[in-house]
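Before we start, here is the structure in question, set down as structure tokens.
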Amino acid sequence: QVQLVESGGGLVQAGGSLRLSCAASGYTFSSYDMGWFRQAPGKEREFVAAIDWRSVTTYYANSVKGRFTISRDNAKNTLYLQMNGLRPEDTAVYYCAASFYGTQEYDYWGQGTQVTVSS
């Protein structure tokens, strides 16, 4: 059974940092590109960051460039999102997702973890 389990969310003051983790199981982790998405209350889910299967290429939404860093450890089947300089507008539920290499669709999704940034 495919599982993506996010952790590391919580309440943090503006300017603070959090590191999110996504533990994957039930599929060949190294065969998939991975991404982070987020959804704030009343808003559509939006792309945050992505990383290819070899950790060679990364992509970031303009809103998080320079503040967030996506990484992965294929030996541990784990995806990470280091978030620095957090702002209230970063408040959202954060989801990790897996996209089979060579496709443009995300096949698997986690349950999400809440990140709340207070001012």
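Starting from 1, each residue takes its place in the sequence as its number.
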Is the closest side-chain heavy-atom distance between Thr69 and Leu81 below 4.5 Å? no
Taking C-beta and beyond as the side chain, do Leu4 and Gln111 meet within less than 4.5 Å on heavy atoms? no
When you measure from the side chain of Arg19 to the backbone of Gln82, do you find a donor-acceptor pair of N or O atoms at a distance under 3.5 Å? no
Hydrophobic cluster membership, with links at side-chain heavy-atom distances under 4.5 Å among I/L/V/M/F/W/Y: are Val48 and Leu86 in one? yes
Using the ring of each side chain (for Trp, its six-membered ring), is Phe68 parallel, tilted or perpendicular to Tyr94, with breaks at 30° and 60°? tilted
May I ask you to establish whether Arg45 and Tyr95 are in a cation-pi arrangement, using a distance under 6.0 Å from NZ or CZ to the six-membered ring centre and at most 45° from the ring axis? yes
Looking only at heavy atoms, the pair that brings Ala24 and Phe29 closest together is CB-CD1, 3.5 Å
Side chains of Val12 and Thr116: closer than 4.5 Å at any heavy-atom pair? no
What is the minimum heavy-atom distance between Asn62 and Lys65, and which atoms define it? OD1-NZ, 3.1 Å
For Leu18 and Gly8, which heavy atoms make the closest approach, and how far apart are they? CD2-O, 3.8 Å
Look at the side chain of Thr113 and the backbone N and O of Glu6, then say whether any donor-acceptor pair between them is shorter than 3.5 Å. no
Side-chain donor or acceptor of Glu46 paired with backbone N/O of Arg38 under 3.5 Å: no
Tyr60 and Phe47, any side-chain heavy atoms less than 4.5 Å apart: no
State, to 0.1 Å, how close Asp52 and Val56 come at their nearest heavy-atom pair, and which atoms those are. OD1-N, 2.6 Å
Taking C-beta and beyond as the side chain, do Thr57 and Ile51 meet within less than 4.5 Å on heavy atoms? no
Beyond-backbone contact of Lys76 with Asn74, side-chain heavy atoms, under 4.5 angstrom: no
Roughly how far, to the nearest 0.5 Å, is the CZ atom of Phe100 from the OG atom of Ser31? 5.5 Å
Side chain to side chain contact (heavy atoms under 4.5 Å, CB included) evaluation trace for Arg67 with Asp90: CA-CA 11 Å; Arg67 299 188 298 121; Asp90 294 319; 2.7 Å; yes
Quick one: are Leu79 and Ile70 in side-chain contact, heavy atoms under 4.5 Å? yes
Between Thr78 and Ser21, what is the shortest heavy-atom contact and its length? CG2-CB, 4.4 Å
Compute both the distance and the angle, then confirm whether Arg54 meets the cation-pi test with Tyr101: under 6.0 Å from the six-membered ring centre, within 45 degrees of the axis. no
Expected output: side-chain Ser99 to main-chain Met34 donor-acceptor under 3.5 Å: no
Could you tell me which non-hydrogen atom of Trp109 sits nearest to which non-hydrogen atom of Tyr106, and how far apart they are? NE1-O, 3.5 Å
Interatomic distance, CG@Asp33 vs OG1@Thr58, rounded to 0.5 Å, equals 12.0 Å
Non-hydrogen side-chain atoms of Tyr32 and Trp53 separated by less than 4.5 Å: no
Side-chain donor or acceptor of Trp36 paired with backbone N/O of Leu20 under 3.5 Å: no
